[in-house]
Amino acid sequence: MANKHFFQPLLPGFHTHLTIPVAFFSKHIEGRNDHKNTAKLRSDASEMTWKVKIEDGRRLTEGWKEFALAHDLRIGDIVIFRQEKNMASNVTVFGLSCCETQYGTCIDQDKKIPKKKNPKREEAESSCFVANVTPSNLRYDRLYLPMAFTKNNGINAKTKLALLDKNGVKWSTDLRSEYNGKRIRMIGGWKKFFIANFLKIGESIMFKLIWDGNISCVLKLCSKVKS
């Protein structure tokens, strides 16, 4: 019989804790392991076992940050937890490429931190961001881009940008700047994109930046998740 499993996409702030989905908790944990307040996490990257504190039955807290740092987890990664027994799980990591992350010998078993960060993952993280769908950005048909994202990628009001959905359809939009160019927002096209892609208010949307020349780029819709 296959091990029970669930997955979680990593959103900003994931280092502080990770929450087990309600459905998985109700079906496979609640009432069975109420006396357990520690989870044991393992991965194929190391023979080590990380002990992580469980709070409120569902939140992985103390010890989770060490596990995340040891495996160089990044925003946009997807982690799959395969439950074994006695609150032990084997964790597999998939990166932005949608391929399983290969660590080789990068896990330092003494310090529990990666010996060397992968520059390709640094670049991948800077080219992605998570947008939250709110009533106001639909009402005004606009979406603000994170300041760090626009700064790191050289995006300004002169940049020609379009939205790209998973079917390869482009949606035109314009960029406007505020606060002497420090804050950039998309205006127009966002509401139509929202409706056509069946997005919902409250969802968190992962976008990936793809350049097409020096001043033209698209924001590709990578995933939809609820935060």
Side-chain angles (χ1 to χ4, degrees), residues 1-103 106-107 112-114 121 124-125 128-134 166 194 197-208 220-227:
M1 181 181 294
N3 291 337
K4 308 174 185 69
H5 63 277
F6 69 88
F7 73 90
Q8 283 285 45
L10 300 183
L11 301 177
F14 74 87
H15 278 105
T16 61
H17 69 279
L18 184 136
T19 303
I20 299 171
V22 174
F24 186 89
F25 173 78
S26 300
K27 187 174 182 180
H28 301 297
I29 298 177
E30 189 175 23
R32 297 177 176 84
N33 296 283
D34 292 342
H35 61 290
K36 299 286 186 180
N37 59 8
T38 302
K40 296 179 180 179
L41 304 182
R42 292 189 286 270
S43 76
D44 293 335
S46 170
E47 296 181 355
M48 295 179 59
T49 297
W50 281 263
K51 293 183 178 180
V52 180
K53 185 177 180 180
I54 302 174
E55 294 184 7
D56 302 324
R58 294 177 50 219
R59 297 173 72 247
L60 303 181
T61 56
E62 185 177 339
W64 164 251
K65 182 176 182 179
E66 287 72 19
F67 179 87
L69 290 174
H71 291 78
D72 197 20
L73 300 185
R74 300 301 179 96
I75 294 172
D77 284 348
I78 293 177
V79 287
I80 299 177
F81 292 77
R82 290 182 173 82
Q83 187 183 41
E84 295 173 342
K85 59 180 180 179
N86 297 325
M87 291 304 292
S89 295
N90 186 279
V91 182
T92 303
V93 182
F94 284 78
L96 290 171
S97 64
C98 298
C99 296
E100 182 178 347
T101 300
Q102 301 297 323
Y103 291 97
C106 70
I107 300 294
K112 301 183 182 181
I113 59 175
R121 300 197 72 196
E125 181 182 353
C128 295
F129 75 93
V130 175
N132 297 315
V133 181
T134 67
K166 291 187 175 181
F194 170 90
N197 287 276
F198 305 101
L199 306 182
K200 297 179 181 178
I201 292 176
E203 284 184 323
S204 295
I205 314 301
M206 175 71 71
F207 284 105
K208 179 176 177 61
K220 181 180 178 181
L221 174 64
C222 291
S223 60
K224 301 188 298 180
V225 295
K226 287 189 177 181
S227 58

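In this chain, numbering begins with 1 at the start of the sequence shown.
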- Atom CG of Asp77 and atom CD of Gln8: how far apart are they, to the nearest 0.5 Å? 13.0 Å

- Considering only heavy atoms from C-beta outward, does the side chain of Asn90 approach that of His5 to under 4.5 Å? no

- Task: Specify the closest pair of heavy atoms between Lys208 and Cys222, including all atoms of both residues, with the distance to one decimal.
- Result: CB-SG, 3.3 Å

- Note on the structure: Between the CZ atom in Phe198 and the CD atom in Glu203, the distance rounded to the nearest 0.5 Å is 12.0 Å

- Query: Who passes ring-ring contact (aromatic ring centres under 6.0 Å, His included) against Phe6, sequence neighbours left out?
  - Reply: Phe24, Phe81

- Would you name the heavy atoms of Phe67 and His71 that are closest together and state the gap between them? O-ND1, 2.9 Å

- Item | Between NZ on residue Lys65 and CZ on residue Phe14, distance to nearest 0.5 Å | 10.5 Å

- Message: Does Glu55 have more than 12 heavy atoms from other residues, nucleotides or ligands lying within 6.0 Å of its CD?
- Response: yes

- Message: Quick check against the 3.5 Å criterion: does Lys220 have a side-chain atom that pairs as donor or acceptor with the backbone of Phe207?
- Response: no

- Task: Evaluate the side-chain proximity of Arg59 to Thr19: yes if any heavy-atom separation is below 4.5 Å, no if none is.
- Result: yes

- Query: Heavy atoms, side chains only, cut-off 4.5 Å: are Met87 and Asn37 in contact?
  - Reply: no

- Just one of Leu60, Val52, Leu41, Thr61 clears the side chain to side chain contact (heavy atoms under 4.5 Å, CB included) bar with Leu18, so which one? Leu60

- Considering all heavy atoms, the nearest Gly76-Met206 contact: CA-CE, 3.4 Å

- What distance do Asp72 atom CG and Arg74 atom CZ have between them, rounded to the nearest 0.5 Å? 4.0 Å

- How would you list, by chain and number, every residue that makes a side-chain hydrogen bond (donor to acceptor under 3.5 Å, both in side chains) with Arg58, sequence neighbours excluded? none

- Query: So do Val79 and Val93 actually touch side chain to side chain, heavy atoms under 4.5 Å?
  - Reply: yes

- Residue pair Leu73 / Trp64, side-chain heavy-atom distance below 4.5 Å: yes

- Looking at OG of Ser89 and CD of Glu84, how far apart are the two atoms once the value is rounded to the nearest 0.5 Å? 7.0 Å

- Message: Which residues pass the side-chain hydrogen bond (donor to acceptor under 3.5 Å, both in side chains) test with Thr38, not counting sequence neighbours?
- Response: none

- Output for pair (Thr134 OG1, Ile201 CD1), nearest 0.5 Å, gives 7.5 Å

- Query: Between Met48 and Arg42, what is the shortest heavy-atom contact and its length?
  - Reply: O-CG, 3.8 Å

